Participant: 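Here's a structure for you.
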Amino acid sequence: MGQPFTTNGETGTVPLNFFFGGPTTNPATLVASFSATLNGSLQLDGLTTSVYFQYGPTTNYGLTTAPQNHSGNTYQNINANVSNLNANTVYHFRIVAHNTRGTSYGCDRTFTTLRATGAPVVITKPATNVASSSATLHGSLDPHGLPTNVYFQYGTTTGYGHNTPMQSQIGDTYRNINADISGLSAHTTYHFRIVATNSNGTRRGSDKTFTTP
């Protein structure tokens, strides 16, 4: 099965592997009420290639992200942030790659934006700066349009037992949340997760671990 392309004024079809590894449309991430991150990948074929995403409420798309130029023969992950979306709406998108050999399209994917307001959305991320008695905990939060309190639970079991100081956030986009902790024991495995609460509910991120040296 081929994909449409145009080169030198002629229209024809090009196989899905016109670019050696795709291009491949990957699932959208960080989907909020009015924004999202579109993702894709491709194996470059040695030519300078312009890559972008088409997106919109139908498979006619209608909107495109800014072109990104890539060159070489390496596998590349491509992403683009889109904003000014409508809340609680299904969007279609696909990756598009173009060079002097023609244009090739990834498959169509969809995502649905969140409602304008709702319970917070949280993601626990790996800890960094892990030392014998301290570490930095990381997470991501979308307050989902409402004033939100966010913190981390941590401890030597999934019962946790310790909380970081509360941080207040508001808005409708994802942002990074960090907290430094100290007083840890050396050579010990710690569990942690991000927790956020607003007037629509409490959400807890997945459990992650780190081990002090």
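Computed from a predicted model, the values in this text were never measured in an experiment. Computation of the quantities below employed the complete heavy-atom set of this structure, encompassing side-chain atoms and omitting hydrogens, waters and symmetry-equivalent molecules.
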Participant: Sequence neighbours left out, what passes side chain to side chain donor-acceptor pair (under 3.5 Å) with Arg109? Give chain and number order.
Facilitator: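 Arg109: no side chain to side chain donor-acceptor pair (under 3.5 Å) contacts found.
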Participant: For Thr58, which residues count as a side chain to side chain donor-acceptor pair (under 3.5 Å) partner, sequence neighbours excluded?
Facilitator: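 Result, side chain to side chain donor-acceptor pair (under 3.5 Å) vs Thr58: none returned.
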Participant: Just jot down the side-chain contact (heavy atoms from CB on, under 4.5 Å) partners of Gln68, sequence neighbours excluded, or say none.
Facilitator: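 Result, side-chain contact (heavy atoms from CB on, under 4.5 Å) vs Gln68: His70, Ile78, Ala80.
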Participant: Report all side-chain donor-acceptor pairs from residues 29-36 shorter than 3.5 Å, counting only partners two or more places apart or in another chain.
Facilitator:
unit_1 : atom_1 : unit_2 : atom_2 : d
Thr29  : OG1    : Asn39  : ND2    : 3.1
Ser33  : OG     : Arg115 : O      : 2.6

Participant: Do Thr202 and Thr197 have side-chain N/O donor and acceptor atoms under 3.5 Å apart?
Facilitator: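 The answer is yes; a qualifying pair exists.
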Participant: Given the side-chain rings of Tyr154 and Tyr190, with only the six-membered ring counted for Trp, is the space between their centroids under 6.0 Å?
Facilitator: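 Ring centroids of Tyr154 and Tyr190 are no less than 6.0 Å from each other.
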Participant: Going by the rule side chain to side chain donor-acceptor pair (under 3.5 Å), which residues pair with Asp207 if we only count those two or more places apart in sequence or in a different chain?
Facilitator: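 Scan of Asp207 (side chain to side chain donor-acceptor pair (under 3.5 Å), adjacent residues dropped) gives Tyr160, His191.
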Participant: So which pairs with a foot in residues 113-137 pass ring pair (Phe, Tyr, Trp, His ring centres under 6.0 Å), sequence neighbours left out?
Facilitator: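 Checked against ring pair (Phe, Tyr, Trp, His ring centres under 6.0 Å) - neighbours excluded - no pair reaches residues 113-137.
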Participant: What residues join Tyr61 in its hydrophobic cluster, counting side-chain heavy atom gaps under 4.5 Å, either direct or through other members?
Facilitator: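 Same cluster as Tyr61: nobody, lone residue.
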Participant: Hey, mind stepping through Leu137 and Asn178 against side-chain contact (heavy atoms from CB on, under 4.5 Å) and telling me if it holds?
Facilitator: CA-CA 6 Å; Leu137 308 183; Asn178 309 314; over 6 Å; no
Participant: Between Thr189 and Thr211, is there a side-chain donor-acceptor contact under 3.5 Å, judged purely by atom types and distance?
Facilitator: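 A pair is found: one side chain offers a donor N or O, the other an acceptor, under 3.5 Å apart.
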Participant: What residues form a side chain to side chain donor-acceptor pair (under 3.5 Å) with Thr37, not counting sequence neighbours?
Facilitator: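 Checked Thr37 against side chain to side chain donor-acceptor pair (under 3.5 Å); matches are Asn81.
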Participant: Could I get the full list of side-chain contact (heavy atoms from CB on, under 4.5 Å) partners for Asn77, not counting sequence neighbours?
Facilitator: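 Scan of Asn77 (side-chain contact (heavy atoms from CB on, under 4.5 Å), adjacent residues dropped) gives Ser41, Tyr75.
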Participant: With sequence neighbours excluded, tell me which residues meet side-chain contact (heavy atoms from CB on, under 4.5 Å) with Ser182.
Facilitator: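 So Ser182 forms a side-chain contact (heavy atoms from CB on, under 4.5 Å) with Ser134.
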Participant: Report all side-chain donor-acceptor pairs from residues 117-133 shorter than 3.5 Å, counting only partners two or more places apart or in another chain.
Facilitator:
unit_1 : atom_1 : unit_2 : atom_2 : d
Thr124 : OG1    : Ile194 : N      : 3.4
Thr124 : OG1    : Ser206 : N      : 3.4
Thr124 : OG1    : Ser206 : O      : 2.8
Lys125 : NZ     : Asn176 : OD1    : 3.2
Thr128 : OG1    : His138 : NE2    : 2.6
Asn129 : ND2    : Thr136 : OG1    : 3.2

Participant: Give me the other members of the hydrophobic cluster that Tyr151 sits in, counting Ile, Leu, Val, Met, Phe, Trp and Tyr linked by side-chain heavy atoms under 4.5 Å, directly or via other members.
Facilitator: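 Besides Tyr151, the hydrophobic cluster comprises Met166, Val195, listed by chain and residue number.
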